[in-house]
Every structure is written in structure tokens, then in C-alpha cells.
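Residue numbers begin at 1 in each chain, while the letters A, B, ... track the order of the sequences.
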Protein chains: 2
Amino acid sequence: MADKTILVVDDEKDLLDLIEYNLKKEGFKVLKAENGEEGIERAKEFHPDLVLMDIMMPKMDGMEAVEKMRKDDELKSIPIIFLTARSDEKTEVEGLNKGGDDYITKPISTTKLISRIKAVLRRFDETEEEVNRLEVHDLTIDKDRYIVQRGDEEFQLPRKEFELLYYLASRKGKVRDRQTLLNKVWGDNIYVVDRTVDVHVRKIREKLGDHYIETVKGVGYRFKE
Amino acid sequence: MADKTILVVDDEKDLLDLIEYNLKKEGFKVLKAENGEEGIERAKEFHPDLVLMDIMMPKMDGMEAVEKMRKDDELKSIPIIFLTARSDEKTEVEGLNKGGDDYITKPISTTKLISRIKAVLRRFDETEEEVNRLEVHDLTIDKDRYIVQRGDEEFQLPRKEFELLYYLASRKGKVRDRQTLLNKVWGDNIYVVDRTVDVHVRKIREKLGDHYIETVKGVGYRFKE
DNA sequence: GCAGACCGTAACAATTTCTTAACGGGTGTA
DNA sequence: TACACCCGTTAAGAAATTGTTACGGTCTGC
């Protein structure tokens, strides 16, 4: 939980400072912004782990800022907690629809604020954690941890091997020629001899056994269907 | 991405409604079912583009439903995302080699859910192009996999044989002389004796039987109409 | 800076695929 | 029947492709 950066967006400077003080005491890093526009700038620059956003603000209000963030690929996955003065159910619903992940009314006790923040961060950590897994045959290929599991065994493949395996496994059955593999796994304009793919395939087979990746002579490789 | 239909299967009505609401807001069409059995019925009827499937359900649980779907020709290629409660994740998911394409633990933020759905759809869009598949007589000639199927049999033809077969099969009934076949399958400026074609035709016949490619004496070859 | 992991490359071995050439059978025709 | 033409079939060697290993370079963590 430590080391998380939180962006606080509020036009009331006193409140901003108060929140900053309390968050820092809890070990968070804090960024501040005084309106939506500035908030988005900060977010783009620093990619905070969470945004605390006031709804009522000059220049660009919180609602609008959040809508923009949700449309921005860079920012759309950052969790947002709304702050508002009124406990008004209608705005609450609207706020959540626009893409907020939680909603807090002012005034709020700092302990409650902190616990909400931690709750949202925890939720995001968890979902983030479980998300990139692939189950093929008897393998679990976990892209978040860069680990391949088979039963109780765990294989720690080097990056390229892992990514090659992942790419093929996520297209189970489809043949891909070496050039395509290089483009997709190594990158578009990387100059590498295509036999490099062979060597990596061999290393994967060496570790996992050769019954996963099939060779299609004259064409390329394929993850076994 | 728009216009995609998503079938959500979950026994918790509230959650079902919440997910429906959020998916519709994203422009998806939504089908709902409250247990596995109903889910399969809906899937058969409407052929959704993706299924969001809860694992723990009464009547027929998600695991069982997915197994059934994977065995059903009509449904087997529909991508499935599992939903699972955090607690039973570890045990349940290990038995899931059957055919989930992803899974997500509850509770989940809607933004995360949406992004996962889009990711899976994107992956399937990319890979699921029916264009490269040819169905002739009792054969399926799949150029993506470089595999020929007949019923449960699979034939892995060498490249030239495969390409020759594919070329003829995709022009079912049309006769092509050897020179044309060489140009089209071997390439324009390849110097090869035309009897080579005969040998390849023979090999194909040897593997698949001789009732697919017909000889037209004095002219060339033809895939049987 | 050193050890070790990782990556790309080259070289050679092993394997598969392709091509050729040769022979034989069938068919039609003079 | 004899001949010409075309295709089927086979086997051998050529060619292409991949497997495997080893080596140097780079980067990283200690």
C-alpha cells in the first residue's frame, strides 16, 4: 500500500492542504491540483494510483474532468473517488455513472477518507492482479507475474520466451510465420534475424516440453490446439 | 466494437442489472441468464459475441456450462470470461482448463470489466477471421492452421501439398493446367518441371483419397465439384 | 567490477520436403 | 499391332528448413 501516489483535485486550498497532510502521514505521495484542467495535466504527467476529485470546481468541474479521463487511454484505468459538499443522491448516481469508483461527502473525517482510499486501492490491486491469465491445456500463463504454471510446478521464463509463448498461446491453433512473430513479440521495426525465433522456441520446449509449440515446416509455429 | 452482443450469466440479479446497465452504456447489446442452463439456451438462440459467466450458480454452474459450450460446435468458438468470487478463486480456477478465455474476480470496477471485455473481443476479432477457411465436400481446409480436417481426422499436409489443395479447392470445378498451377502455387518465376505437380497431386490423393482431385487428361487437374 | 541471466547470431547437424528422372500402364489412332 | 501421348507411381538425391549447440555481447544485481 505504501508508495502509492494520490492526486487530490479541489479548489479549496485549505482542504487541499489538510488532505495532503493526512495522506502524507499515512505514507502516500500527494499531488495537488486546483481545478479539473490542472488535474488532468498532473494525471497525465505523473500517472497517480488514485484520484480524489472534487465535483464543484471552477474552470472545469470534477464531473467533466472525470469524463475526459475515462476517454483517455492513458488515464482511463485510474480509480477515482469523488468528493462533494452535498450529500445529494442524484449527483452521486451521476458521478458513479460518469466513471467514479466511490463517492465521499464533505466534511469527512480523515480516518474515513483514508480507509475509503485504501479500500479502493485494494480493490484495484486485486483486480489488476488476476486479470492477465491464460489457461491452455495444462498450463496457466500469467502475464502479470510472468510465470507459467503446470500443476504445482512453476516456470520462470525469460521475457522473450514468455512473450513468445503468450502470443502463440493466446492464438491457439493459428500458425504464425517468423516475421509475424518478430513483429508482434519483438516489435515492429526491430532488426533481428528470423532464426532467433527458432532458438527461443527451442528454449521454451526445453523447459516445458515439446508438446506445446508445433512446427509447421515452411510456414511457422503454432500452439497446439 | 459497437453492436457486439454480450451474454451475462449470473444468479445475483442485482449484479446482473448493474453489469447490464454498464455494458449498455458502452454500446453493447446485453442478454441475461440466471443459471448455466438458461445461459446455454440463450447462447444457442442468439449467438452472442462474448459470454460473461459466473462460476458459482445454482442448477448448472458456470464450469459445467462452459464445458458444454466447448463441446458444442455452434458455441465452442464464443469467447468466455469467468466471474469468480475472490475466496474460491484458487481452487475453482485450477479445474478450468476447459475453456475460459479470461477470468475476473468479483467485486470488480465497471471500468476494469469493460476494458477486459474489450481486450478479449479485440483478441478474437484479430484471430477469428473466417476468411481463411474453406469447406468443401467433407473437408475443412483451414489456412490459418495449415490443417485439413475430415470429421475427427486431421491431416497435416506439407506446405506445397497444402497450398496446391487449397488453390484447387478454392476454385472447385475449374480445371487448371500444370503451368498455371506452377505459377499460382509455386510462384511466377520458378523454374520447375511440370511433372512435379503430378507428384504432389499423387501425395495428396495418397493421404486424403483420390476422390477430391480429378485428372482432366491433356489439360490438367480439377477439384471435384 | 564481477557473476550470471538473457539475447542474438552463426555454424553445423538432422530432418523434412521437393524435384527429378525413369519406368510402366492405359488409351487412342494410324 | 505398333506407335504416340499422357498420366501414375516410385525411389533417390537435392534443396530447403528446422534443431541444436556454442559463443560473444549486453545488461542487471550484488
Side-chain angles (χ1 to χ4, degrees), chain A residues 143 145-148 154-168 175-224, chain B residues 143 145-148 154-168 175-224:
Chain A
K143 198 164 191 185
R145 296 191 293 152
Y146 268 72
I147 275 183
V148 180
E154 276 197 0
F155 301 92
Q156 174 79 260
L157 301 191
R159 201 183 74 203
K160 284 282 190 282
E161 292 170 38
F162 183 90
E163 286 172 359
L164 178 59
L165 177 69
Y166 187 86
Y167 181 83
L168 286 170
V175 179
R176 291 289 180 267
D177 63 35
R178 290 177 177 68
Q179 205 47 58
T180 303
L181 292 173
L182 287 176
N183 286 338
K184 297 294 186 180
V185 177
W186 271 254
D188 270 330
N189 33 24
I190 302 288
Y191 146 73
V192 164
V193 170
D194 64 355
R195 300 300 311 285
T196 297
V197 177
D198 300 37
V199 176
H200 285 267
V201 166
R202 193 194 153 270
K203 286 182 178 163
I204 293 171
R205 287 174 171 161
E206 198 170 68
K207 286 162 188 159
L208 301 180
D210 37 5
H211 40 293
Y212 296 111
I213 297 178
E214 296 178 310
T215 301
V216 182
K217 276 219 159 194
V219 188
Y221 293 100
R222 166 177 65 196
F223 198 94
K224 200 165 194 172
Chain B
K143 198 162 192 186
R145 290 157 211 261
Y146 265 77
I147 274 183
V148 180
E154 281 194 354
F155 302 92
Q156 170 87 53
L157 303 190
R159 197 179 60 174
K160 284 281 191 289
E161 291 169 38
F162 183 91
E163 285 173 357
L164 177 59
L165 177 68
Y166 188 87
Y167 180 83
L168 286 170
V175 181
R176 290 288 180 271
D177 63 37
R178 289 176 179 69
Q179 203 47 57
T180 303
L181 291 173
L182 286 177
N183 286 339
K184 296 295 185 181
V185 177
W186 272 252
D188 272 331
N189 33 22
I190 302 287
Y191 143 75
V192 164
V193 169
D194 66 352
R195 301 301 310 286
T196 297
V197 177
D198 298 38
V199 176
H200 282 87
V201 167
R202 194 199 151 265
K203 286 185 175 159
I204 293 171
R205 287 174 171 160
E206 198 170 68
K207 285 163 186 156
L208 301 179
D210 36 3
H211 40 293
Y212 297 111
I213 297 178
E214 296 178 310
T215 301
V216 182
K217 281 208 160 195
V219 188
Y221 294 100
R222 164 176 68 194
F223 198 94
K224 201 166 193 171

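Here the C1' atom of nucleotide D:dC7 and the CD1 atom of B:I213 are 14 Å apart, to the nearest Å. Rounding to whole angstrom units, NE2 of residue A:H200 and P of D:dT18 are separated by 16 Å. A straight line from CD of A:E206 to P of D:dT18 spans 19 Å, rounded to a whole angstrom.
Side-chain nitrogen and oxygen atoms of B:W186 include none within less than 4.0 Å of the OP1 or OP2 phosphate oxygen of C:dC18. Taking 4.0 angstrom as the limit, A:Y146 places none of its side-chain polar atoms (N or O) nearer than this to OP1 or OP2 of C:dC6. B:R195 has no side-chain polar atom (N or O) that falls below the 4.0 Å cut-off from OP1 or OP2 of D:dT9. Checking the phosphate oxygens (OP1, OP2) of D:dG19, a side-chain nitrogen or oxygen of A:T215 falls inside 4.0 Å.
For A:R222 (side chain) and B:R145 (main-chain N/O), a donor-acceptor pair under 3.5 Å exists by modelled atom type. In terms of modelled atom types and a separation under 3.5 Å, the side chain of B:R205 and the main chain of B:I213 share a donor-acceptor contact.
A salt bridge is defined here as a Lys NZ or Arg NE, NH1 or NH2 lying under 4.0 Å from an Asp or Glu carboxylate O, and A:E163 with A:K184 fails to meet this definition. A salt bridge links A:D198 with A:R178: at least one charged nitrogen is closer than 4.0 Å to a carboxylate oxygen.
Comparing atom distances between the A:D198 side chain and each of D:dT18, C:dT20, C:dT9 picks out D:dT18 as nearest. The side chain of A:K217 lies closest to D:dT17, out of D:dG8, C:dG8, D:dT17. Picking from C:dC7, C:dT19, D:dT18 the nucleotide with the shortest atom distance to the side chain of A:K203 gives C:dC7. Taking only side-chain atoms of B:V199, from C-beta outward, the nucleotide of C:dA21, D:dG19, C:dC18 with the closest atom is C:dA21. Considering only the side chain of A:Y221, D:dG19 comes nearest among D:dT18, C:dT9, D:dG19. Comparing C:dT9, C:dA21, C:dC7 against the side chain of A:T196 picks out C:dT9 as the nearest. Closest contact between the side chain of A:R202 and the listed nucleotides D:dT21, C:dC18, C:dC7 involves D:dT21. The A:V192 side chain lies nearest to C:dG8 when the options are D:dT18, C:dG8, C:dA21.
Defined by atom type and a distance below 3.5 Å, a donor-acceptor pair is missing between the side-chain atoms of A:N183 and A:T180.
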